[in-house]
Amino acid sequence: MAKASVVVPEQVGAAAAAAQVGCPCPGTTLFPYPPPRAGIAVRRKCLQAAQQLELGAGLRGGWVESMRASSPTHAKAAAALAAGVDEEHAAWMARHPSALGEFEKVVAASKGKQIVMFLDYDGTLSPIVDDPDAAFMSETMRMAVRSVAKHFPTAIVSGRCRDKVFEFVKLAELYYAGSHGMDIKGPASRHAAAKSPPHNKGVLFQPASEFLPMIEQVHDRLEQATRSIPGAKVENNKFCVSVHFRCVDEKSWGALAETVRRVVREFPRLRLSQGRMVFEVRPTIKWDKGKALEFLLDSLGFADCSDVLPVYIGDDRTDEDAFKVNKYLYY
């Protein structure tokens, strides 16, 4: 493949500008607006509480603190900044600069390289909403993604069920990796920029297929167990289960956390983690969004290539798996 300079069209600029630079913390965004969710102090609490959660530690207070820290509000962000966290936040931003502020460097880094786009869905292509079934992307965003896909191989990598993400996005020319990368399917036609052989079409990969019956069981158990907690919503994402607490009164968060943890204990081959206002129950296999990124690059023929620039845009803790792989391999 000739190393011709990549021209970033105007329509693609907004997406390419958000290229990951460094490793963002949970709940943060690379854009100058909206403002940081709650400063570094909250992020540290979030990480510490998350570690306790995943190790199975704890008291109800620790769980609630983790749940509260996973999606701090703009009001908390303003209070944190007013309390003097701004200096610490400025130091953090110096180490992890906004890609929009470093856009010229992003463009320079793309010279002579093939860009491959990876996009999270919730909170990235669509707003975070109270009802996860109503997380629709705007037509303007759909047009932007379609424009990006004309120039660069493009994949949606989401914790959602792959079929559900496709229903939201409705673009057949994209690659889709649902269930945190455990359900991957490519378009029927090969992207013109791909290096993979012409016969490598319609990629389909499901590394956690054996867990499907277990996922159905834990979904049913969680639905039954959380029925008495108003606002809790259990979502079957095929290879993982999500328990949303965005509409749950904060006074009930501790009870919900204990309920979810108690059910997951019945399934030792499943693990519990936390995202933005959601608990995630997943198989214990060594597979995540970072592994999905590697698999898709390999499927496109870009494994171990020096002339490729993967760009991953996401806003949640699970996206950090992809950020780490991307930074280690290509930056």
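All heavy atoms count here, side chains included; hydrogens, waters and symmetry mates do not.
Ser252 contributes no side-chain N or O that, together with a main-chain N or O of Val248, makes up a donor-acceptor pair within less than 3.5 Å. Listed for the Trp287 side chain is no donor-acceptor partner under 3.5 Å among the backbone atoms of Ala208. Checking side-chain atoms of Asp316 against main-chain N and O of Thr318 turns up no donor-acceptor pair under 3.5 Å. Within the 3.5 Å criterion, the main-chain N or O of Ala255 finds a donor-acceptor partner in the side chain of Thr259. Side-chain atoms of Ser138 come within 3.5 Å of backbone N or O of Met141 as a donor-acceptor pair. Remark: side-chain polar atoms of Arg317 are paired, donor with acceptor, to backbone N or O of Gln274 under 3.5 angstrom.
When all heavy atoms of Glu167 and Lys170 are compared, the pair lying nearest together is O-CE, 3.0 Å. Heavy-atom minimum distance, Pro127 versus Ala135: O-CB, 4.2 Å. Here the closest heavy-atom approach between residue Leu272 and residue Arg261 is recorded as CD2-CA, 4.2 Å. When all heavy atoms of Thr284 and Pro268 are compared, the closest pair comes out as CG2-O, 4.1 Å. Taking every heavy atom of both residues into account, Tyr175 and Leu296 meet most closely at CD2-CD2, 3.9 Å. In plain terms, the two heavy atoms of Pro187 and Ala172 that are nearest each other are CB-O, 3.4 Å.
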| query | Between Arg282 and Asp288, is a salt bridge (Lys or Arg N to Asp or Glu O under 4.0 Å) present by the stated rule, with each step listed? | reply | CA-CA 10 Å; Arg282 291 186 269 170; Asp288 50 36; over 6 Å; no
| message | Set out, in order, the CA-CA distance, both residues' side-chain angles and the distance that settles side chain to side chain contact (heavy atoms under 4.5 Å, CB included) for Met277 and His244, then state yes or no. | response | CA-CA 6 Å; Met277 300 294 258; His244 301 273; over 6 Å; no
| said: Under the criterion side chain to side chain contact (heavy atoms under 4.5 Å, CB included), I'd like the reasoning laid out for Met214 against Phe267: C-alpha separation, chi angles, the key distance, then a yes or no. | reply: CA-CA 8 Å; Met214 191 179 300; Phe267 300 85; 3.7 Å; yes
| request: Take Arg162 and Lys185, measure what side chain to side chain contact (heavy atoms under 4.5 Å, CB included) needs, and give me the verdict at the end. | output: CA-CA 8 Å; Arg162 173 172 55 82; Lys185 187 174 183 180; 3.3 Å; yes
| request: Given salt bridge (Lys or Arg N to Asp or Glu O under 4.0 Å), test Arg142 with Glu139 step by step and report yes or no. | output: CA-CA 5 Å; Arg142 183 173 292 104; Glu139 190 58 36; 2.8 Å; yes
| said: With side chain to side chain contact (heavy atoms under 4.5 Å, CB included) as the criterion, how do Asp307 and Gln114 come out once you've worked through the C-alpha distance, each side chain's angles and the decisive distance to 0.1 Å? | reply: CA-CA 6 Å; Asp307 59 350; Gln114 172 60 54; over 6 Å; no
| request: May I have the step-by-step check of ring pair (Phe, Tyr, Trp, His ring centres under 6.0 Å) for Phe279 and Phe245, ending in yes or no? | output: CA-CA 8 Å; Phe279 288 117; Phe245 56 88; 5.3 Å; yes
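Put simply, the side chain of Ile128 reaches to within 4.5 Å of the side chain of Arg246, judged on heavy atoms. When side chains are defined from C-beta on, Val169 counts as touching Met137, because their heavy atoms get closer than 4.5 Å. Between Val281 and Leu222, some side-chain heavy-atom pair lies under the 4.5 Å cut-off.
With salt bridges taken as basic N to acidic carboxylate O contacts below 4.0 Å, one links Glu210 and Arg269. Ionic pairing of Lys289 and Asp120 is present here: one or more N-O contacts between side-chain nitrogen and carboxylate oxygen are shorter than 4.0 angstrom.
Counted by atom type alone, Ser242 and Glu280 present one or more donor-acceptor pairs between their side chains at under 3.5 Å. Using modelled atom types, one finds no donor on one side chain facing an acceptor on the other under 3.5 Å when comparing Ser179 with Asn237.
Using cut-offs of 30° and 60° on the angle between ring planes, the pair Tyr176 and Phe166 is perpendicular. Ring planes of Phe168 and Tyr121: parallel class, angle under 30° (limits at 30 and 60°).
One distance of note links CZ of Phe302 with OG of Ser306; it measures 11.5 Å at 0.5 Å rounding. Of the inter-residue distances, the one linking Phe118 atom CZ with Phe323 atom CZ reads 12.5 Å to the nearest 0.5 angstrom. Separation of atoms CG (Leu270) and CD1 (Ile215) is listed at 5.0 Å; rounding is to 0.5 Å. The distance from atom OG1 of Thr124 to atom CG of Asp315, rounded to the nearest 0.5 Å, is 4.0 Å. Here NZ of Lys233 is found 12.0 Å from CG of Asp130. Values are rounded to the nearest 0.5 Å. Annotation: the span from Gln217 atom CD to Leu212 atom CG amounts to 11.5 Å, rounded to 0.5 Å.
Looking at Asn326, Asp319, Asp321 one by one, the single match for side chain to side chain donor-acceptor pair (under 3.5 Å) with Tyr312 turns out to be Asp319. Residue Met117 is tested with Leu309, Leu174, Val311 for a side-chain contact (heavy atoms from CB on, under 4.5 Å); the sole match is Val311.
Both Phe136 and Val145 belong to a common hydrophobic cluster when Ile, Leu, Val, Met, Phe, Trp and Tyr are linked at side-chain heavy-atom distances under 4.5 angstrom.
Separation of the Phe205 and Phe295 ring centroids falls under the 6.0 Å cut-off.
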Listing, residues 153-160 side-chain donor-acceptor contacts under 3.5 Å, not counting sequence neighbours, or none:
from   : atom 1 : to     : atom 2 : distance (Å)
Thr154 : OG1    : Phe152 : O      : 2.9
Ser158 : OG     : Arg160 : N      : 2.9
Arg160 : NE     : Asp122 : OD2    : 2.8
Arg160 : NH1    : Pro132 : O      : 3.0
Arg160 : NH1    : Glu235 : OE2    : 3.1
Arg160 : NH2    : Asp122 : OD1    : 2.9
Arg160 : NH2    : Pro132 : O      : 2.5

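Other residues, nucleotides and ligands contribute only 12 or fewer heavy atoms inside 6.0 Å of the NZ atom of Lys291.
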